[in-house]
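A short write-up of the structure that comes next.
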Amino acid sequence: MAKIQMKTPLVEMDGDEMTRIMWKMIKDDLILPFVDLKSEYYDLGLENRDATDDQVTIDSANATKKYGVAVKCATITPNAARMTEYNLKKMWKSPNGTIRAILDGTVFRAPIVVKGIEPYVKNWKAPITIARHAYGDVYRDVEMYVPGPGKVDLVYTPADGGEPQSVTVHDFKGAGVVEGMHNLDDSITGFARACFNYALETKQDLWFATKDTISKTYDHRFKDIFADMYEADYKEKFEAAGIEYFYTLIDDAVARVMRSEGGFIWACKNYDGDVMSDMISTAFGSLAMMTSVLVSPHGYYEYEAAHGTVQRHYYKHLKGETTSTNSVATIFAWSGALRKRGELDDLPELVDFANKLEKATIDTIESGKMTGDLVLITTLPDPVKLDTEGFILAIADELKKQLA
Ligand code: NAP
Ligand code: MG
């Protein structure tokens with residue numbers, strides 16, 4: 001069988017620990033036998049980030065701007081323990097944070113739905129994709145403990161020398177706490193644009209919710225930016241695509257999400273997205289079955305798994321013990337990136353390969369072959385637990401059949 005040819009390279013960002021081990025297996029067993037892979041390789045493994053003073057992360061993000069599509073392996077975000085473990089020069093920042101800052105993107109996370117791994121919410125039939133605004137609010141706040149009676153004001157001093165404006169936050173009669181938060185029109189606008197574009201591209205309804213009845217200026221600003229952009233740029237396109245933009249209050253949204261059948265994008269403010277993405281991934285079964293794509297308002301895409309480097313399994317692997325680590329989210333990161341590359345470069349055979357890779361993965365699980373994490377939660381009778389590479393090889397067998 002002739003290998004599928006690519007036109008433009010993918011940006012390939014390698015990573016750490018168990019996911020790095022799976023990365024190589026996925027390439028060797030599921031990609032390279034079928035695709036003449038063109039990729040520009042960046043090693044984001046912690047050792048190389050340390051050796052390059054993290055320049056490699058910046059370079060990989062800039063390459064994503066150049067080529068448009070990247071696939072990323074999970075990476076270690078160093079903490080004190082990693083400083084010692086890897087003898088690091090510095091506690092390097094989270095690569096995802098660095099890449100997100102350079103690409104200015106929004107992260108969309110969606111569960112991979114298979115028969116036999118049933119969502120806890122029984123009426124959910126299709127994935128719910130969470131889009132989390134990744135700037136500001138409580139994540140960039142300033143806070144103060146107020147030790148006793150006294151007044152706290154919020155003061156704005158215009159840079160052009162205009163008249164300062166102030167409001168009183170609270171006139172404290174005793175001790176308490178106070179918090180100042182901000183967000184930016186630019187950031188909210190970029191978030192809204194990424195959400196509308198992604199909804200159009202994936203032909204799914206877009207939901208957005210805030211607490212604008214209580215937060216009449218702050219949350220209302222989010223509501224207005226979304227509403228104005230929808231009216232100006234997307235209303236006609238959404239109608240033509242047969243999809244809907246739906247705004248409601250956050251508590252109403254939560255109630256409706258629980259009653260829904262799924263199959264839509266839920267745009268969330270930063271905190272809501274943090275909390276709700278954990279609920280959605282757990283309720284759909286497993287973090288190992290969750291994909292993630294960073295979409296920039298300029299049209300750059302970076303695909304990855306939502307989980308981390310699965311450190312506990314890696315240490316077992318290093319001791320020579322058998323592991324059964326789930327590679328599905330990392331496989332879907334590859335299929336997502338290859339499909340996008342195929343769409344952008346007008347390569348239907350690459351798109352078709354990406355679809356078949358996903359179908360082979362789902363069919364393998366639905367036939368009862370899966371990794372240990374899924375064996376614990378499946379409703380299928382007599383599941384077969386495979387080891388890390390055994391599962392990937394089972395998918396390879398299925399993929400060969402589908403490509404034949
Ligand atoms: P993790 O790698 O997501 O793993 C936490 C636990 O979840 C695992 O021990 C395992 O449970 C289960 N799990 C996660 N993915 C799995 C998979 N593919 N197959 C089977 N089980 C899976 O989180 P962590 O251990 O807290 O973090 C490890 C490292 O990952 C950290 O250094 C962190 O900085 C990094 N991290 C990176 C990213 C990223 O690059 N996007 C995201 C999150 C964390 P059992 O042990 O019970 O089997
Ligand atoms: Mg969270």
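Quick note: residue numbers are just sequence positions, from 1. Remember, it's 1-based here, ligands and their atoms both numbered in the order they're listed.
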Ligand 1 atoms in contact with G308 (distance to a heavy atom under 4.0 Å): 1 (P), 2 (O), 3 (O), 30 (O), 36 (N), 37 (C), 38 (C), 42 (C), 43 (C), 44 (C)
Protein heavy atom under 4.0 Å of atom 12 (C) of ligand 1: no
N-O pairing of D53 and K90 below 4.0 Å: no
Heavy-atom protein contact below 4.0 Å for atom 46 (O) of ligand 1: yes
Donor-acceptor under 3.5 Å (D137 side chain, M181 main chain): no
Geometric N/O contact E17 with ligand 1, under 3.5 angstrom: no
Ring-ring centroid check F196 F226, cutoff 6.0 Å: yes
Test item, M18 contacting ligand 1 (heavy atom, 4.0 angstrom): no
Pair Y135, N183: side-chain N/O donor-acceptor within cut-off below 3.5 Å: no
Selection from T75, T309, L44 by shortest heavy-atom distance to atom 37 (C) of ligand 1: T75
Carboxylate-amine/guanidinium contact D397 K401, below 4.0 Å: no
Test of ring centre spacing under 6.0 Å for Y303 and F332: no
Residue, atom name and distance, where the atom is the protein heavy atom closest to atom 4 (O) of ligand 1: V310 CA, 4.1 Å
Atom 48 (O) of ligand 1 - nearest protein heavy atom and its distance: H313 NE2, 2.7 Å
Protein contact of atom 41 (N) of ligand 1 - nearest heavy atom, named by residue and atom, plus distance: N96 ND2, 3.4 Å
Per-atom contacts of ligand 1 with A288, taking only distances under 4.0 Å to non-hydrogen atoms: 16 (C), 17 (C), 18 (N), 19 (N)
Within reach of ligand 1, part of T19 (heavy-atom separation under 4.0 Å): neither
Distance filter under 4.0 Å to K72 heavy atoms, resulting ligand 1 atoms: 40 (O)
Side chain to side chain contact (heavy atoms under 4.5 Å, CB included) evaluation trace for K269 with I250: CA-CA 10 Å; K269 285 183 63 203; I250 185 68; over 6 Å; no
Ligand 1 versus R312: contacting region, heavy-atom distance under 4.0 Å: side chain
Sidechain N-carboxylate O distance under 4.0 Å for K38, D36: no
Atom 17 (C) of ligand 1 within contact range, any protein heavy atom under 4.0 Å: yes
Donor-acceptor under 3.5 Å (T291 side chain, A110 main chain): yes
Distance-only side-chain donor-acceptor flag, D373 / N326, under 3.5 Å: yes
Proximal atoms of ligand 1 relative to E304 (non-hydrogen, under 4.0 Å): 41 (N)
Protein non-hydrogen atom below 4.0 angstrom of atom 24 (P) of ligand 1 present: no
Sub-3.5 Å N/O-N/O distance, S324 and ligand 1: no
Residues D219 and K223 bridged, charged N to O under 4.0 Å: no
Top protein contact for atom 14 (C) of ligand 1, by heavy-atom distance: H307 CB, 4.0 Å
Protein heavy-atom partner closest to atom 19 (N) of ligand 1 - residue, atom, separation in Å: N326 N, 2.9 Å
Any non-hydrogen protein atom less than 4.0 Å away from atom 1 (P) of ligand 1: yes
Short side-chain to backbone donor-acceptor contact, T388 and T325, under 3.5 Å: yes
Charged N-O contact under 4.0 Å between R20 and D43: yes
Option passing ring-ring contact (aromatic ring centres under 6.0 Å, His included) with Y230 (candidates F238, F246, Y247): F238
A74: numbered ligand 1 atoms lying under 4.0 Å from its heavy atoms: 40 (O)
Residue and atom name of the nearest protein heavy atom (relative to atom 34 (O) of ligand 1), distance in Å to one decimal: T77 N, 2.9 Å
Per-residue contact class, R82 against ligand 1 - non-hydrogen pairs under 4.0 Å: side chain
